[in-house]
Amino acid sequence: MPELPEVETVRRGLHDRIIGKVISSVTHDTPRSFPNDDSSVKEFLTGSTIIAVRRRAKVLMIDLSTAYSLVIHLKMTGQLVYDGKERFGAGHPSDSLVGTLPDRSTRVTLSFEDGSVLYFNDQRKFGWVRLMPTANISDLPFMRTVGPEPLEPWFTATQFAARLERHPKANIKATLLNQTVIAGVGNIYADESLWGAMIHPKRLTGSLKPEEVELLYSEIRSVMNLSIDKGGSSNHTYVNADGKKGSYMDFARVFRRQGLPCPRCGTVIEKIRVAGRGTHICPVCQQE
DNA sequence: CACTTGACCTGTCCGC
DNA sequence: TGCGGACAGGTCAAGT
C-alpha cells in the first residue's frame, strides 16, 4: 500500500495517540499476519508499555518497554487504525470511511488497558506484525540492505546519483522502486516524480543526464514532502491512524489520471506497463 | 552478477 | 446477472 508518505502519516498519528499506553491483550486471525504465533508471546506482550513509534522505509516499529518491538509492514493493503473509544463512538465520521472494526480483514487486534484498541487490517494478507528484540531489528535482511531515507537532510543529490550508477541497465522506474537504492518510493511517487522530472519511466538509469538526475532527486523529495503534508494518498483501502483519508490524490499530476490532460502541456495522460507495474505518463513531456 | 518475472492473497472492476 | 481475466500503493524467490 502505503509508501513512505502514507507510512509516515500513520507513524505520526500513532505517535500522538498510543505512546504510554499499556497493552492488555493481543489477538490475531491468520498466522501469516502475526508470525510469532504462540500464547507465550501474547502473554509476554501483556503489560508492556509503548515507548516509541518509529519508521524506516515503509516499515513501522512500535517500541515497547520490554526492549522488544512490534515491527509492522503494511505491504499493499495493510492499515493500522486506532479506535480511542472515548472519541470514536458510534456515528463518528470515521465509521463511514472504514466501517465498524473489527471486520473481516482485521488480522491483529491490540487492546490497551484504557479500553482503546489498535487494529491491523489487511485485505490481502501480504502484510505482517512481528515481535522481536528492538536491538535485532537492524539485523533483518531488509534493514541491512535498504537504501537511505530520501527526506533526510544528509541524503544529497550526489549520493542519489552515485546509487543510481549501480543499476545502469535497469529502467529508471524499476530503479526507483528498488528499495536498496532509495527507501520508501513506491508506484505512486515513482510516477509522480518521473513526471515532475520529465523522464520516461522506461529510460535506462544509466542514460540519465546529470541534470536529469538532479531534477529527479528534488522531485522525489518535493512530491513526498507535499504528500506527507496532505496526509498521504488514499484509495479505498488506505486510511491513516484516525481512520481518515489523505488528500494527496487531489494533487496528483499523473497517477491514476489516464485520459485526463497533463497539467503541464495538456496532452492526454496514458497508462502503460513498466517494471511489471501500471505506470502513468505524459507521452509528450516524458520522451522515451 | 544484473535484471526481470512470477508468486504470495483477496476483492473489485470491466468486458463478454 | 454471471463469469473470466486483469489488476491493485510491495517484496522476495526463481528465472533469464
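Below, chains carry the letters A, B, ... as their sequence lines are ordered, and counting in each starts from 1. Atoms considered below: every heavy atom in the structure, side chains included; atoms not considered: hydrogens, waters and symmetry mates.
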Exercise. Are the side chains of A:I281 and A:H200 in touch, meaning some heavy atoms are under 4.5 Å apart?
Worked result: yes

Exercise. Of all residues at least two apart in sequence or in a different chain, which pass the ring-ring contact (aromatic ring centres under 6.0 Å, His included) check with A:F112?
Worked result: none

For this session: State, with a plain yes or no, whether a side-chain heavy atom of A:F44 is found less than 4.5 Å away from one of A:T66.
Result: yes

Problem set entry | Gap between atom SG of A:C262 and atom CD1 of A:I269 - 0.5 Å precision | 5.5 Å

Exercise. Near DNA chain C, under 4.0 Å by heavy atom, which residues of residues 247-260 of chain A?
Worked result: A:F255, A:R256

Exercise. Rounded to whole angstroms, how far apart are CE on A:M76 and P on B:dT12?
Worked result: 15 Å

Exercise. Going by heavy atoms in the side chains, are A:V108 and A:W128 under 4.5 Å from each other?
Worked result: no

Exercise. OP1 or OP2 of B:dG11 sitting under 4.0 Å from any side-chain N/O of A:R104?
Worked result: yes

Exercise. If you look at every strand shown and take non-hydrogen atoms under 4.0 Å, does A:G127 touch a base, only sugar-phosphate, or nothing?
Worked result: nothing

Exercise. Would you say the side-chain atoms of A:T205 and A:T175 include a donor-acceptor pair closer than 3.5 Å?
Worked result: yes

Exercise. Does a donor on one side chain sit under 3.5 Å from an acceptor on the other, for A:K42 and A:H28?
Worked result: yes

Problem set entry | Distance-only side-chain donor-acceptor flag, A:Y189 / A:S227, under 3.5 Å | yes

Between protein and nucleic acid, restricted to nucleotides 1-4 of chain B and to nitrogen or oxygen atoms under 3.5 Å apart, what atom pairs and distances do you find?
unit_1 : atom_1 : unit_2 : atom_2 : d
B:dC3  : OP1    : A:P168 : N      : 3.4
B:dC3  : OP1    : A:K169 : N      : 2.7
B:dC3  : OP1    : A:A170 : N      : 3.4
B:dC3  : OP2    : A:H167 : ND1    : 3.2

Seminar exercise, completed: Per-nt protein contacts along nucleotides 11-16 of chain C (heavy atom under 4.0 Å; B base, S backbone sugar-phosphate only, - none) come out as SS----

For this session: Please state whether the phosphate of B:dC8, meaning OP1 or OP2, lies under 4.0 angstrom from any side-chain nitrogen or oxygen of A:R124.
Result: no

Problem set entry | Range-with-range stems for DNA chain B, at least three Watson-Crick or G-U pairs under 3.5 Å | B:2-8 with C:10-16, B:10-16 with C:2-8

Seminar exercise, completed: Side-chain atoms of A:K271 come closest, of B:dT10, B:dC8, C:dC7, to C:dC7

Exercise. Roughly how many Å is it from CD in A:Q123 to P in B:dC8, rounded to a whole number?
Worked result: 18 Å

Exercise. Whole-Å distance between B:dG11 C1' and A:F126 CZ?
Worked result: 11 Å

For this session: Select base, sugar-phosphate, or nothing to describe what A:G276 touches, counting heavy atoms under 4.0 Å on all strands.
Result: nothing

Problem set entry | Residues in ring-ring contact (aromatic ring centres under 6.0 Å, His included) contact with A:F255, at least two apart in sequence or another chain | A:H280

For this session: Determine the interatomic distance between P on C:dA14 and the same-named atom on B:dC9; round to the nearest Å.
Result: 15 Å

Problem set entry | Atom pair CG (A:D191) and CZ (A:R256), whose distance is rounded to the nearest 0.5 Å | 10.5 Å

